[in-house]
Amino acid sequence: MTTDAKEFSLGAVLSVATGTLLCPIDEIYGILNHMTGDNLFTHQLPRAFRACEPEIKRQYPVLAQVDVSRVGRENWRDFLAERKRELGGQPWLVRPLPLALWTSQDPLTEAELMVGPERVIPLTK
């Protein structure tokens with residue numbers, strides 16, 4: 001796992017802090033992969049969100065006050081623009097999770113645990 005902080009957009013950082021998508025999905029993979037030190041598959045994102053949300057709020061306590069209750073498909077860009085004016089639009093430095101807060105799991109094994117082995121079809125070359 002990396003120990004270096006890395007820059008991410010406010011949209012990505014707020015997405016992790018709030019659980020509301022406020023940036024392109026590739027930024028979500030980027031920040032969660034960085035924080036977990038993993039290369040996450042889609043079905044692993046909810047577990048990563050749960051692990052990373054408290055750490056983002058610990059690193060940036062001001063984000064715990066952000067209310068996304070009225071954010072939706074139609075207004076998320078306006079909401080993000082307002083937060084950039086309030087909080088700053090510069091990239092935000094994010095540190096990885098402490099080692100004890102994330103357990104890497106094989107993606108196929110995790111999928112089998114989630115939905116049963118009979119519903120997971122691995123693709124091979």
Side-chain angles (χ1 to χ4, degrees):
M1 181 168 304
T2 179
T3 57
D4 298 332
K6 187 174 175 184
E7 291 183 342
F8 292 95
S9 72
L10 176 60
V13 173
L14 274 174
S15 294
V16 175
T18 65
T20 299
L21 187 61
L22 298 167
C23 65
I25 195 69
D26 62 318
E27 290 186 40
I28 297 299
Y29 281 94
I31 192 170
L32 293 177
N33 284 346
H34 169 70
M35 291 187 74
T36 63
D38 225 331
N39 186 15
L40 300 166
F41 283 46
T42 304
H43 65 280
Q44 295 175 302
L45 295 180
R47 183 168 67 92
F49 266 105
R50 287 190 300 275
C52 294
E53 176 200 356
E55 179 60 18
I56 282 282
K57 290 178 178 176
R58 189 190 69 70
Q59 291 180 31
Y60 294 106
V62 67
L63 300 181
Q65 308 305 317
V66 175
D67 177 15
V68 293
S69 61
R70 294 194 169 127
V71 177
R73 272 195 244 193
E74 305 302 320
N75 69 343
W76 72 269
R77 286 181 181 87
D78 293 334
F79 173 85
L80 184 58
E82 289 172 24
R83 299 302 77 73
K84 284 181 180 179
R85 285 191 293 276
E86 289 174 7
L87 302 169
Q90 75 283 351
W92 291 55
L93 281 175
V94 175
R95 292 181 305 281
L97 288 171
L99 290 172
L101 297 181
W102 181 254
T103 302
S104 184
Q105 292 185 19
D106 174 74
L108 292 178
T109 301
E110 189 167 356
E112 288 175 354
L113 291 171
M114 293 171 81
V115 299
E118 67 283 351
R119 295 188 62 202
V120 176
I121 303 169
L123 300 176
T124 59
K125 292 182 180 182

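Residue numbers start at 1 and run along the sequence shown. Just so we're clear, the structure is a prediction, and the values are computed from it rather than from any experiment.
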**Prompt:** Checking side chain to side chain contact (heavy atoms under 4.5 Å, CB included) for the pair Trp76/Thr20: CA distance, chi angles, key distance, verdict?
**Reply:** CA-CA 9 Å; Trp76 72 269; Thr20 299; over 6 Å; no
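- Heavy atoms from other residues, nucleotides or ligands lying under 6.0 Å from NZ of Lys84 number 12 at most.
- A distance of 8.5 Å separates CZ of Phe49 from CD1 of Ile31, quoted to the nearest 0.5 Å.
- Relative orientation of the Phe8 and His34 rings is tilted, given thresholds of 30° and 60° on the angle between their planes.
- With rounding to the nearest 0.5 angstrom, the CZ atom of Arg47 is 7.5 Å from the CG atom of Asp38.
- Few gaps surround CD on Gln90; more than 12 heavy atoms of other groups in view lie less than 6.0 Å from it.
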**Request:** Could you give me the CA-CA distance, side-chain angles and deciding distance for Leu93 and Tyr60, then say whether side chain to side chain contact (heavy atoms under 4.5 Å, CB included) is met?
**Result:** CA-CA 10 Å; Leu93 281 175; Tyr60 294 106; 3.9 Å; yes
**Message:** Applying side chain to side chain contact (heavy atoms under 4.5 Å, CB included) to Cys52 and Leu97, what does each step give before you reach the verdict?
**Reply:** CA-CA 7 Å; Cys52 294; Leu97 288 171; 3.8 Å; yes
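- When atom types are taken as modelled, the side chain of Asn39 and the backbone of Asn33 share no donor-acceptor pair closer than 3.5 angstrom.
- Within the 3.5 Å criterion, the main-chain N or O of Ser69 finds a donor-acceptor partner in the side chain of Asp67.
- In this structure a side-chain-to-backbone donor-acceptor pair under 3.5 Å is missing from Gln105 to Gln44.
- Remark: of the listed residues Val94, Leu63, Ile56, Ile56 is the sole one forming a side-chain contact (heavy atoms from CB on, under 4.5 Å) with Val16.
- Rounding to the nearest 0.5 Å places CE of Met35 at 11.5 Å from CG of Leu40.
- The two residues Glu27 and Ala12 make their nearest non-hydrogen contact at OE1-CB, 3.7 Å.
- Within the 4.5 Å cutoff, the side chain of Val66 has heavy atoms near those of the Phe79 side chain.
- Nearest heavy-atom pair across Ala5 and Arg95 is CB-CG, 3.8 Å.
- Contact detail for Ser15 and Gly11: the closest heavy-atom pair is OG-O, 2.7 Å.
- Across all non-hydrogen atoms, the minimal contact from Glu55 to Pro96 is OE2-O, 4.4 Å.
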